[in-house]
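What follows is one structure encoded as structure tokens, with my remarks underneath.
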Amino acid sequence: MAYYFNEVSHTFNEYLLVPGYSSSECIPANVSLKTPLVKFKKGEESAITMNIPMTSAIMQSVSGDRLAVALAKEGGVSFIYGSQSIEDEAAMVARAKSYKAGFVVSASNVTPESSLKDVLALKEINGFSTVAVTDDGSANGKLLGIVTSRDYRVSRMSEDVKVKEFMTPLEKLITADDSTTLKQANDIIWDHKLNSLPIVDKNGNLKYFVFRKDYEEHKSHPNELLDSEKRYVVGAGINTRDYAERVPALLEAGADVLCIDSSEGFSEWQSRTIAFIREKYGDSVKVGAGNVVDRDGFMFLAEAGADFIKVGIGGGSICITRETKGIGRGQATALIDVCKARDEYFEKTGVYIPVCSDGGIVHDHHITLALAMGADFMMLGRYFARFDESPTNKIAIGGNYYKEYWGEGSNRARNWQRYDLGGDKKLSFEEGVDSYVPYAGRLKDNVAISLAKVKSTMCNCGALTIPELQQKAKLTLVSATSIVEGGAHDVIQKEAGSPIK
């Protein structure tokens, strides 16, 4: 006879936090959101500690190198998607790792024969106003000039005009050679009142840009997450098929932490992947695993050697695994069960394995609920897909802007490795959908708002750290009527922006 869980499977929306005593010190400015990313022994510290409990999902429509940089600036970690060629993923990791050094590989490049239309298209896609003009249109071609927004007027120029007609040519640029240090580059920028400084090699090939705004932005990102060489911390996704080739390439590119991207982690395939990494690299390479939804799944991956374990099957906004296959578990119930197993494992072994809640986050307060239930950090897809820095297109529909967002289990992603059960190298059926999410602007602005809410709620619970929240939190299940009562009700709401009379 099948095993039946006695408890009903619950989601985050079915819980509320009950306030606790708040002292005068419990103010948001005093709250720390530092949290471990990878496992550590009792009395020691995690090899990687994040400054905020946020990671981005291993998805084509979420985690590219631009988002990796933007999230690391705020103190979290992005896991660059693995459903692409090994070379392309490694290149994304390398670009993100090189960014913090201040030497940025040019992402927008044209040739002299390109048109203003091409420049505008690149600006629309990447959001960058500085475009390099090279002989072959590549990021490392011979530098011939640059184009910035000061070089053209859209209202007065034809979009067919050639770049060579309006670019700032090389002879009018101030450049530096590739032996220049970051301090020297910044001194040149300040001395000559530049917005950017091209770095070229002895053959005149473009290597990097150093931007004035990066120096200024550094001062406005106190939580930025850096490695020992003051580069941004970057994660990368791997699968259970080509790990022998992919893992070395990602480590060579500079990846700080890896994560197996799979819809279901309670499998021999994941233990084989972790075993390969341990045999080849020992404990020096950090790798997360998952996803699981119960104690047995956690214990399996813990014994296999995972550095963190992801919880969640079927709870993502674009995931239809529960609908198509009938497997999964309510995210709140799954998380509570797994975190109990995590604590049990810690008591038994002295090894603390962080738990990542992956999926089911709809509202900002769900983040606080997940932390209170025991999660050390979140992995978010839809949340980050809405921002400028995600890799997808911004599209106008009915007068509103949206970003494309599709699941790794959709035909569009073609990520059969994520759902691999040892069969044919293809998707037999879809476990994800292709969709749109409302465009929300810059990552920095939105993360600040979300975390302000988290900190405020933690203060209501009398907690100044995540571990303290987990000790002090009081949670209550709510009825369907209570959920309705929790929102605006029994009033006629005014339209946004309507005048008060």
Side-chain angles (χ1 to χ4, degrees), residues 5-17 35 53-59 62 79 259 261-266 288-298 301 306 308-343 353-385 405 407-409 418-419 431-433 435 437 450 453-454 457 466 469-470 473 475-480 482-483 486:
F5 287 90
N6 291 325
E7 184 182 7
V8 173
S9 188
H10 296 289
T11 65
F12 292 132
N13 220 38
E14 296 174 78
Y15 283 91
L16 286 176
L17 282 158
T35 192
M54 287 180 157
T55 64
S56 68
I58 311 169
M59 300 177 69
V62 178
F79 285 87
C259 184
D261 182 29
S262 174
S263 64
E264 205 277 296
F266 196 175
N291 288 18
V292 297
V293 292
D294 66 359
R295 178 188 182 280
D296 292 344
F298 173 88
L301 291 178
F308 66 85
I309 294 173
K310 291 201 298 164
V311 177
I313 295 177
S317 59
I318 41 67
C319 184
I320 54 173
T321 295
R322 297 180 193 173
E323 183 180 327
T324 57
K325 296 173 67 174
I327 64 168
R329 198 176 189 188
Q331 187 66 12
T333 301
L335 184 59
I336 292 168
D337 194 10
V338 170
C339 288
K340 284 180 180 177
R342 184 265 321 276
D343 294 343
I353 303 176
V355 167
C356 169
S357 181
D358 179 16
I361 301 293
V362 179
H363 305 293
D364 287 338
H365 75 272
H366 290 171
I367 296 174
T368 321
L369 283 167
L371 293 173
M373 290 172 182
D376 295 280
F377 58 95
M378 315 296 115
M379 181 168 279
L380 303 160
R382 181 195 60 84
Y383 180 89
F384 287 116
Y405 180 46
E408 290 297 298
R418 188 175 197 273
Y419 301 86
E431 293 188 45
V433 300
S435 64
V437 289
S450 296
K453 295 177 185 177
V454 172
T457 306
I466 292 172
L469 173 67
Q470 292 165 349
L475 291 151
T476 180
L477 276 168
V478 296
S479 67
S482 294
I483 295 172

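Bear in mind that the values here come from a model prediction, so they are computed numbers and not experimental data.
- The shortest non-hydrogen separation linking Lys310 to Asp358 is NZ-OD2, 3.2 Å.
- Side-chain contact between Thr368 and Leu469 is present, with heavy atoms from C-beta onward closer than 4.5 Å.
- Minimum heavy-atom separation, Leu371 to Met378: CD2-CE, 3.5 Å.
- Counting all heavy atoms, side chain and backbone alike, Tyr405 lies closest to Gly381 at OH-C, 3.4 Å.
- Partners of Glu14 according to the side chain to side chain contact (heavy atoms under 4.5 Å, CB included) rule, which considers only residues two or more places apart in sequence or in another chain, are His10, Thr11, Leu477.
- Residues passing the side chain to side chain contact (heavy atoms under 4.5 Å, CB included) test with Ile336, sequence neighbours excluded: Tyr15, Lys340, Met373.
- Residues passing the ring pair (Phe, Tyr, Trp, His ring centres under 6.0 Å) test with His366, sequence neighbours excluded: Phe12, His363.
- For the side chain to side chain donor-acceptor pair (under 3.5 Å) test, residues two or more places apart in sequence or in another chain that qualify with Ser56 are Ser63, Ser78.
- The side chain to side chain contact (heavy atoms under 4.5 Å, CB included) search around Ala306 returns Ile274, Ala289, Leu301, Ile309, not counting sequence neighbours.
- Using modelled atom types, no side-chain atom of Ser262 and backbone atom of Asn291 make a donor-acceptor pair closer than 3.5 Å.
- Among residues at least two apart or in separate chains, salt bridge (charged side-chain N to carboxylate O under 4.0 Å, His left out) pairs with a member in residues 328-337 are Arg329-Asp337.
- By the side chain to side chain contact (heavy atoms under 4.5 Å, CB included) test, Val355 pairs with Phe298, Val311, Leu335, Val338, Cys339, Arg342, Asp376, sequence neighbours left out.
- Partners of Ser482 under the side chain to side chain donor-acceptor pair (under 3.5 Å) rule, at least two apart in sequence or in another chain, are Ser479.
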ask   = side-chain contact (heavy atoms from CB on, under 4.5 Å) between Met54 and Phe384: does it pass, once the steps are laid out?
value = CA-CA 10 Å; Met54 287 180 157; Phe384 287 116; 4.2 Å; yes

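- Across Gln331 and Ser357, no two heavy atoms sit closer than the pair NE2-OG, 3.1 Å.
- With contacts defined as side-chain heavy-atom distances shorter than 4.5 Å, the pair Val293/Glu264 does not qualify.
- Although no hydrogens or angles enter the test, the distance criterion places a donor-acceptor pair under 3.5 Å between the side chain of Gln470 and the main chain of Ala375.
- Listed by chain and number, the residues in a ring pair (Phe, Tyr, Trp, His ring centres under 6.0 Å) with Phe308 are Phe79, Phe377 (sequence neighbours excluded).
- By the 4.5 Å heavy-atom criterion applied to side chains, Leu380 and Thr55 are not counted as neighbours.
- Partners of Lys453 under the salt bridge (Lys or Arg N to Asp or Glu O under 4.0 Å) rule, at least two apart in sequence or in another chain, are Asp364.
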